[in-house]
Amino acid sequence: MTSRYQRPTGTLDILPAERPYWRYLEHTVHEVMHLYGYEQIDVPVFEHTELYVRGVGEGTDIVEKEMYTFQDKGNDSLTLRPEFTAGIARAYVEHHLYKQPQPVKLYAIGPVFRYERPQAGRYRQHTQVSVEAFGEEDPALDFEVLHLAYHLFRQLGFQHLYFQLNSTGCPACRPRYVEALKAYYLEHYDEIDADCKRRLQRNPLRVLDCKADQCQPVIMAAPKILDYLCDDCRTHFHTLRAYLDAAGLSYVLNPRLVRGLDYYTKTVFEIWAEGIGAQAAICGGGRYDGLVAELGGPSVPGIGFGAGWERIILAMKAQGITPPPLPPLHVLVAHMSSTKATAVQLSAQLRQAGIATWLAFGDRSLKSQMREANRLGVAYTIIVGEGEVARGAVTVRDMRTGQQTEVPLTDVVTWLRAALSTSPEPAS
RNA sequence: GUGACCGUAGCUCAAUGGCAGAGCACCUGGUUGUGGCCCAGGAGGUUGGGGGUUCGAGUCCCCUCGGUCACCCCA
C-alpha cells in the first residue's frame, strides 16, 4: 500500500531498529560533557529571525537561502534554528551569564533546520550536539574544547578520524590577508572557475576550499593566512598547537580550512570521517570572540563546535562501530485462550514488580507464542496452562536451557527475580 | 538553485514490448500445550501517480510526485 502521507523532504524517521545508535550517542555525550565540566542548556527551536541574521551573518548561505522563516500570528518573523551558537549566545547575554564565574561552559542537543537539497549526510532537519564555552580567551580553553571533541569520538569507538586545524585570524589581521588573497586571485582570474569568481566577490576566503581541479594549482600557490596573522593570533595559535602536540592529539594543519559562518575568529577546526560521502565533516567549530558583542552583550570571547548526529552515525556504520543493544524483555506470558484472564493479571503483576514483560495477545497456538518468545529474545516464557492454573501455578520455561519449572502463582515474582539476578544474560 | 541516476511484495532485488516472480521477513501446519534448525503450505502488488504510443506497457515517450548521489554550502 502506498502511504498517503510521507515525511517532508530531507527529514528522517528514526525507527526502533536505529534507536540504539541514538541512545548510545546521547549517553556518551552526557558522560563526556560531565567529564569536562560542561553543563546542558536548552534553548528554543525557533528564535527571532534577526538573531540569526546578526549572529550567523547576512552574507552567509545559511541566512541567504537556507533558513526556515515564518511569520507567526503576531506578525513576528521567526526562524527555525539553523544552528545553535547564536541562540546559546543570546541566552548567555539575556540571562547575564557573563556575570557568573567564567568561563561558562555549555552544551545543547537537538534538531536544527536548513532548507537544502538532501544528500548523503545532509538533511533539512538534522540533530546536533553543540558545545560552547564563553568568557575565556586562554588558548588552554581552545585546547580543552578540541580535546573534548577528540575524547568524545574516541569514546564512541572511532579510530580513524582526521582533525583539521587552522586559524582564520581576527579583525585586526584578517582584512589584510583577504586583500592579499584577492589581489593574488585577480592576477590569476582567468585560471579559476566561475564559482570561484563568484566567491571572490561574496566570500573570498571560500575560494580556498574549492574542489574544482582547475583551481587547485591556484590554491596551492595562494598566500597562506598563517603568514598574515597578527602577533596576538599567532601567539594564540602557536600556544594551542604546543598544547595539542604535548597531548599527542594529532591533527592536520590545513591552511585551506575556512568556515562559512561569519562569526569565527582565530581557531577553526573540523573533524573528517571517511566513507560517508562528500559531506565528510562530522564536527566543525572554532572561536568566535566577536559574537557576544555583536548580539549586544559585553565584549566576551567564546569558542565551540557543532557535531552532526546523523553523520556521526553514518561514520560509525562505515567503521563498523555498533552500539550496545538494548536489553531484551525478561519474560513472555503465554496462555491457552481459557487461561487468558489469569495471564492478563499476571502480566500486570510482573510489570509492577519491575519485570519487563511481553503479553501474548489473541488466541494462538502455544507454538506460535513460543516462536514469538524466541524472536523477542526473552529469558523466560511463562506458560499459563490449564492444569497449572487449576493447581494455582504456572510453568516457567528457561529459554536458553529449555528447562521447565512449575512455580506457584504466589511465588512467580520472587522466583523470577532470583532467576534473573543469577543469569542476567538472557538467551539470544 | 544546478546536474546525474533510480522508483516492482514489509525488505533486497529479478522479469527480451507478451501469464508480475525469487530470497529473506511474516502467518499457519508438521506435536490434543512447547521456540531456535528443518520441511510443507499460505497471505501479501493499482509495478509511485497521471497521460500517451501499441493488438498488448513493469518495460517505450511525455508530465508529475518521491528517492538517491553530486555541485553550491554545511553537521
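Pairs engaging residues 115-126 of chain A under the salt bridge (charged side-chain N to carboxylate O under 4.0 Å, His left out) rule: A:Glu116-A:Arg122 [sequence neighbours left out]. Counting only residues at least two apart or on different chains, the salt bridge (charged side-chain N to carboxylate O under 4.0 Å, His left out) pairs with a member in residues 209-221 of chain A are A:Arg206-A:Asp209. Note on residues 147-161 of chain A: no pairs pass salt bridge (charged side-chain N to carboxylate O under 4.0 Å, His left out), not counting sequence neighbours. Sorted by first then second residue, the salt bridge (charged side-chain N to carboxylate O under 4.0 Å, His left out) pairs that include residues 332-341 of chain A, not counting sequence neighbours, are A:Lys340-A:Asp363.
When the side-chain nitrogen and oxygen atoms of A:Arg375 are compared with OP1 and OP2 of B:A25, none of them lie within a distance under 4.0 Å. At least one side-chain nitrogen or oxygen of A:Lys211 sits closer than 4.0 Å to the OP1 or OP2 atom of B:C72. Dashed line: the shortest gap from a side-chain N or O of A:Arg199 to OP1 or OP2 of B:C73 is under 4.0 Å.
Listed by residue number, A:Gly277, A:Ala278, A:Gln279, A:Ala281, A:Ile282, A:Cys283 are the residues of residues 275-283 of chain A with a heavy-atom contact under 4.0 Å to RNA chain B. Residues from residues 48-71 of chain A placing a heavy atom under 4.0 Å of any atom in RNA chain B, listed by number, are A:Asp61, A:Lys65, A:Glu66.
For A:Glu83, there are no salt bridge (Lys or Arg N to Asp or Glu O under 4.0 Å) partners two or more places apart in sequence or in a different chain. By the side chain to side chain donor-acceptor pair (under 3.5 Å) test, A:His27 is found to be paired with A:Glu31, residues two or more places apart in sequence or in another chain being considered. Annotation: side chain to side chain donor-acceptor pair (under 3.5 Å) contacts of A:Arg90 (sequence neighbours excluded): A:Glu47, A:Glu94.
Heavy-atom distances to RNA chain B give each of A:Glu372 and A:Asp195 a nearest nucleotide, and the one nearer the 5′ end belongs to A:Glu372. The 5' end of RNA chain B is approached more closely, in terms of each residue's nearest nucleotide, by A:Arg397 than by the other of A:Arg397 and A:Arg202.
Ion pair A:Lys317/A:Glu18 flagged as a salt bridge, since at least one NZ, NE, NH1 or NH2 atom sits closer than 4.0 Å to an Asp/Glu carboxylate oxygen.
Atom pair A:Tyr115:OH and B:C73:C1' shows a separation of 15 Å (rounding to whole Å applied).
A:Arg198 contributes no side-chain N or O that forms a donor-acceptor pair with the base of B:C72 under 3.5 Å.
Straight-line distance between the C1' atoms of B:C61 and B:C19: roughly 26 Å, to the nearest whole Å. Nucleotides B:A14 and B:C65 place their P atoms 27 Å apart, quoted to the nearest Å. Between B:U31 and B:A40, the distance separating the two P atoms is 16 Å to the nearest Å.
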Can you give me the N/O atom pairs linking the protein to nucleotides 65-68 of chain B at distances under 3.5 Å, or say none if there are none?
{"from": "B:G66", "atom 1": "O2'", "to": "A:Gln6", "atom 2": "NE2", "distance (Å)": "3.2"}
{"from": "B:G67", "atom 1": "OP2", "to": "A:Thr9", "atom 2": "OG1", "distance (Å)": "3.2"}

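Taking the six-membered ring for Trp and thresholds of 30 and 60 degrees, A:Tyr115 and A:Tyr68 have ring planes more than 60 degrees apart, a perpendicular arrangement.
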Q.
Each nucleotide in nucleotides 28-33 of chain B should get exactly one letter: B, S or -. Can you fill that in based on protein heavy atoms under 4.0 Å?
A. BBB--B
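In secondary-structure terms, RNA chain B builds stems of at least 3 consecutive Watson-Crick or G-U pairs, each pair having both distances under 3.5 Å, at B:1-7 with B:65-71, B:10-13 with B:21-24, B:26-30 with B:38-42, B:48-52 with B:60-64.
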